[in-house]
**Student:** 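Okay, handing you the structure first.
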Amino acid sequence: VPLLSGTGNFQHWSDAQNNFSVTRVPLGESVTLLLIQPQCASDLDRVEVLVFQHDFLTWIKNPPPRAIRLTLPQLEIRGSYNLQDLLAQAKLSTLLGAEANLGKMGDTNPRVGEVLNSILLELQAGEEEQPTESAQQPGSPEVLDVTLSSPFLFAIYERDSGALHFLGRVDNPQNVV
């Protein structure tokens with residue numbers, strides 16, 4: 001599996017009580033990639049419930065950025081789902097199901113056929129040349145090595161809306177592309 005590696009200033013936080021760590025990687029002005037790694041691979045399901053089914057962002061720490069050498073697998077994740085099925089499971093089938101009232105759209109009573117959503121997330125090296133690692137300068141802070149070589153979770157967080165737009169898990173980072 002090809003690995004992505006780079007050194008930069010990222011926020012990193014370890015939760016000793018719940019045995020996981022979080023690294024925030026900025027993707028843009030207000031968008032961040034959250035990389036969440038349990039200290040023990042067998043804790044992935046427990047950490048996933050803790051992180052994604054609670055208001056995780058309200059209690060996560062906001063540490064200052066620090067020098068981190070981040071290594072993670074190149075990812076390509078594709079998925080597709082039927083939104084009507086998800087709404088039916090949530091007992092909201094009247095929104096887009098057969099019972100949806102769309103009569104105000106015209107003289108006939110239109111019905112929704114299918115609502116399919118397809119997604120693609122790719123994390124890969126950029127086209128530009130990768131910066132070379134320089135020797136650590138005396139007196140500079142120690143560079144923390146963060147390597148995602150065991151199961152981990154990830155999310156794309158948009159700060160302005162406070163929303164997690166994409167949630168995912170990598171069960172086997174040695175076989176993801």
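Quick note: residue numbers are just sequence positions, from 1. Keep in mind it's a predicted model, so treat the numbers as computed, not measured.
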**Student:** Quick one: pull up CZ in Phe154 and CG in Leu34 and give me the separation to the nearest 0.5 Å.
**Tutor:**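 Reported to 0.5 Å precision, the distance equals 11.0 Å.
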**Student:** Would you say the side chain of Asn9 lies within less than 4.5 Å of the side chain of Arg66, judging by non-hydrogen atoms?
**Tutor:**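 No, every pair of side-chain atoms sits at 4.5 Å or beyond.
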**Student:** Is the side chain of Asp15 donor-acceptor paired with the backbone N or O of Asn18 at a distance under 3.5 Å, no angle test?
**Tutor:**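 Looks like yes, one N/O pair under 3.5 Å.
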**Student:** Identify the heavy atoms of Ser30 and Asp160 that sit nearest to each other, and give their distance.
**Tutor:**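 Where Ser30 meets Asp160 most closely, the heavy atoms are OG-OD2, 3.5 Å.
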**Student:** Measuring from atom CD1 of Ile156 to atom OG1 of Thr32, what distance do you get when rounded to the nearest 0.5 angstrom?
**Tutor:**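 If we round to the nearest 0.5 Å, Ile156:CD1 and Thr32:OG1 are 10.0 Å apart.
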**Student:** To the nearest 0.5 Å, how far apart are CG in Leu153 and CG in Leu44?
**Tutor:**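 Output value for this atom pair is 4.5 Å.
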**Student:** Measure the shortest side-chain to side-chain distance between Val47 and Ile36 over non-hydrogen atoms and say whether it is less than 4.5 angstrom.
**Tutor:**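 A side-chain contact exists here, since the closest heavy-atom pair is under 4.5 Å.
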**Student:** With rounding to the nearest 0.5 Å, note down the distance linking CZ in Phe152 to CZ in Arg169.
**Tutor:**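 Here the interatomic distance stands at 11.5 Å.
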**Student:** Evaluate side-chain contact (heavy atoms from CB on, under 4.5 Å) for Leu27 paired with Leu33, printing each intermediate quantity in order.
**Tutor:** CA-CA 6 Å; Leu27 298 178; Leu33 173 65; 3.8 Å; yes
**Student:** Considering only heavy atoms from C-beta outward, does the side chain of Leu35 approach that of Leu70 to under 4.5 Å?
**Tutor:**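 Yes. Closest side-chain heavy atoms under 4.5 Å.
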**Student:** Before giving the answer on side-chain contact (heavy atoms from CB on, under 4.5 Å), spell out for Leu75 and Val170 the whole-Å C-alpha distance, their side-chain angles and the decisive distance to 0.1 Å.
**Tutor:** CA-CA 9 Å; Leu75 297 176; Val170 176; 3.8 Å; yes
**Student:** To the nearest 0.5 Å, what is the distance between OG1 on Thr23 and CZ on Phe10?
**Tutor:**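 Nearest 0.5 Å value for the OG1-CZ distance: 8.5 Å.
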**Student:** Would you call Ser21 and Trp13 a side-chain contact if the rule is heavy atoms closer than 4.5 Å?
**Tutor:**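 Side chain of Ser21 against side chain of Trp13, heavy atoms only: no contact under 4.5 Å found.
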**Student:** Any donor and acceptor pair, going by atom type alone, linking the side chain of Thr147 with main-chain N or O of Ser149 inside 3.5 Å?
**Tutor:**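 Side chain of Thr147 to backbone of Ser149: no pair is present.
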**Student:** Please say whether more than 12 non-hydrogen atoms of neighbouring residues, nucleotides or ligands are located less than 6.0 Å from CD in Glu122.
**Tutor:**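 Check passes, neighbour count above 12.
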**Student:** Taking atom CG of Leu50 and atom CD of Gln17, what is their separation to the nearest 0.5 Å?
**Tutor:**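 Leu50 atom CG to Gln17 atom CD measures 9.0 Å (nearest 0.5 Å).
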**Student:** Are any non-hydrogen side-chain atoms of Val31 and Glu29 less than 4.5 angstrom apart?
**Tutor:**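 SC-SC contact between Val31 and Glu29 ruled out.
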**Student:** For residues Ser150 and Gln37, is any side-chain donor paired with an opposing acceptor at under 3.5 Å?
**Tutor:**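 The criterion, which ignores hydrogens and geometry beyond distance, is satisfied for Gln37 and Ser150.
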**Student:** Would a single hydrophobic cluster contain both Leu116 and Leu87, if residues Ile, Leu, Val, Met, Phe, Trp and Tyr are joined by side-chain heavy-atom contacts under 4.5 Å?
**Tutor:**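 Different clusters.
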**Student:** Can you give me the closest heavy-atom contact between Pro73 and Leu4, atom names plus distance?
**Tutor:**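 Here Pro73 and Leu4 meet closest at O-CD1, 4.3 Å.
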**Student:** Minimum heavy-atom separation for Gln11 and Pro63, please, with both atom names.
**Tutor:**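 Closest approach of Gln11 to Pro63, heavy atoms only: NE2-O, 2.7 Å.
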**Student:** Do Leu72 and Leu3 touch side chain to side chain, with heavy atoms closer than 4.5 Å?
**Tutor:**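 No, side chains not in contact.
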**Student:** So do the side chains of Glu142 and Leu144 get within less than 4.5 Å of each other, counting heavy atoms only?
**Tutor:**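 Heavy-atom side-chain distance check fails, nothing below 4.5 Å.
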